[in-house]
Amino acid sequence: MTAPLICPSILASDFAKLGQEVAAIEAAGADWVHVDVMDGHFVPNITIGPDVVKALRSHTKLPFDVHLMVAPVDPWLEAYREAGADILTVHPESGPHLHRTLGRIRQLGAKAGVVFNPGTPLHLLADVVELVDLVLIMSVNPGFGGQSFIESSYRKIETARAMLDAVGSKAHLQVDGGVTAANAAACVAAGADALVAGTAVFRGGPDAYAANIAALKA
């Protein structure tokens, strides 16, 4: 089994030391930096604007995987791309024209992702799969870190993997929410190749990050 990409969510990091935290996870073996953008409207909580992403860009060479939990999402695509986002991931519910939004992300030179909440049906993927570089399965309801993994998510991961394989898509299949060393292998066995983890990476401080990331890859 190939080791998954590990994408630490900086939502769980020390916000007083964001630059150092991003550099530390790169040194510890992370593959992407996952940035959770929340607007207090589409989801509870308010987090990271494009100026913060821009400020962090010089602290790491890792790809910035920006999960946009905002509505409407279209007005923010260019700002986050200009700030340094390499991947922009959007929810079907965050705008009226998902196909257009994904196309716009690619026009901006970023990779395009689509997110499926626990209650969002996967059949929507079929009509946009040719525009997708990343499919993100939420294994919690978005808005807060530290939630417990929803067990039915394994079936959803399996279904998404089958849909991607059926059309020969090379898109990454990512899981976000309650991912730990205890369930990471099961997520990968179900078909995921990228794991977002917050608390599981950042607990214990910088000296523990390398061991935490290695445990998720095991």
Side-chain angles (χ1 to χ4, degrees), residues 3-40 43 45-70 73 76-90 105 108-113 115 133-134 136 138-140 142-147 172-181 184 187 192-218:
L5 299 172
I6 302 301
C7 319
S9 169
I10 59 172
L11 185 65
S13 70
D14 183 346
F15 271 38
K17 302 176 180 178
L18 272 179
Q20 295 98 308
E21 292 277 63
V22 167
I25 59 174
E26 178 175 12
D31 297 290
W32 297 349
V33 177
H34 189 82
V35 182
D36 287 303
V37 176
M38 305 179 188
D39 65 357
V43 295
N45 212 351
I46 297 174
T47 56
I48 295 172
D51 285 348
V52 177
V53 174
K54 183 177 180 179
L56 290 175
R57 185 63 279 182
S58 64
H59 290 266
T60 179
K61 295 179 180 178
L62 294 179
F64 277 7
D65 166 28
V66 177
H67 175 190
L68 294 172
M69 290 169 272
V70 302
V73 73
W76 291 102
L77 301 177
E78 189 167 345
Y80 278 96
R81 174 58 179 156
E82 289 181 352
D86 298 285
I87 306 163
L88 290 168
T89 308
V90 299
I105 291 170
L108 291 170
K111 292 185 177 180
V115 194
D133 302 291
L134 174 71
L136 171 52
M138 290 301 299
S139 42
V140 299
F144 297 98
Q147 299 183 66
H172 288 290
L173 180 54
Q174 188 179 59
V175 182
D176 182 3
V179 174
T180 67
C187 290
D193 62 10
L195 304 176
V196 177
T199 305
V201 169
F202 287 100
R203 69 170 182 271
D207 290 343
Y209 295 169
N212 293 343
I213 289 171
L216 289 163
K217 285 180 176 282

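Since the model is a prediction, treat every value here as computed from it, not as a measurement.
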task: Tell me, with the steps shown, if Ser9 and Asp36 meet side chain to side chain donor-acceptor pair (under 3.5 Å).
output: CA-CA 7 Å; Ser9 169; Asp36 287 303; 2.5 Å; yes
message: Using every non-hydrogen atom in the two residues, find where Pro4 and Leu216 come nearest and quote the distance to one decimal.
response: CG-O, 4.1 Å
statement: Interatomic distance, CG@Leu56 vs OG@Ser13, rounded to 0.5 Å, equals 8.5 Å
field: Verdict with supporting geometry, Met69 and Thr47, side chain to side chain contact (heavy atoms under 4.5 Å, CB included)
entry: CA-CA 10 Å; Met69 290 169 272; Thr47 56; over 6 Å; no
Intermediate values then yes/no, side chain to side chain contact (heavy atoms under 4.5 Å, CB included), Met138 and His67: CA-CA 11 Å; Met138 290 301 299; His67 175 190; 3.7 Å; yes
query: So, do Val70 and Val73 sit near enough that their side-chain heavy atoms are less than 4.5 Å apart?
result: yes
message: Tell me if the NZ atom of Lys54 is crowded by more than 12 foreign heavy atoms within 6.0 Å.
response: no
- prompt: Which one of Asp14, Ile10, Val33, Val201 satisfies the side-chain contact (heavy atoms from CB on, under 4.5 Å) criterion with Glu21?
  reply: Asp14
- line: Residues Ala184 and Leu195: closest non-hydrogen pair is CB-CD1, 3.6 Å
statement: One should read off an interatomic distance between Asp39 CG and Asn45 CG, to the nearest 0.5 angstrom, of 10.0 Å
message: If I compare all heavy atoms of Glu26 with all of Lys61, which pair ends up nearest, and what's the gap?
response: OE1-N, 3.4 Å
statement: Taken to the nearest 0.5 Å, the spacing of Lys217 NZ from Ile6 CD1 works out to 5.0 Å
Between CD on residue Gln174 and CG on residue Leu134, distance to nearest 0.5 Å: 4.5 Å
- request: Quick one: closest heavy-atom pair of Ala12 and Phe202, and the distance?
  value: O-CB, 3.6 Å
message: With side-chain contact (heavy atoms from CB on, under 4.5 Å) as the test, pick out the partner of Val90 among Leu136, Val66, Ile105.
response: Ile105
- prompt: Taking atom CG of Leu88 and atom CG of Asp133, what is their separation to the nearest 0.5 Å?
  reply: 10.5 Å
query: Given Ile25 and Thr60, is the side chain to side chain contact (heavy atoms under 4.5 Å, CB included) satisfied, shown in steps?
result: CA-CA 9 Å; Ile25 59 174; Thr60 179; over 6 Å; no
query: Between Arg81 and Asp86, what is the shortest heavy-atom contact and its length?
result: NH1-CA, 4.0 Å
- request: Would you name the heavy atoms of Val175 and Ser139 that are closest together and state the gap between them?
  value: CG1-OG, 3.5 Å
message: Checking Val52 against Val35 for the side chain to side chain contact (heavy atoms under 4.5 Å, CB included) test, could you report, in this order, the C-alpha distance in whole Å, the side-chain angles of both residues, the deciding distance, and whether it holds?
response: CA-CA 10 Å; Val52 177; Val35 182; over 6 Å; no
message: Rounded at 0.5 Å granularity, tell me how far CG in Leu68 sits from OH in Tyr80.
response: 6.5 Å
- request: Decide yes or no for Val179 and Val196: does some side-chain heavy atom of the first lie under 4.5 Å from some side-chain heavy atom of the second?
  value: no
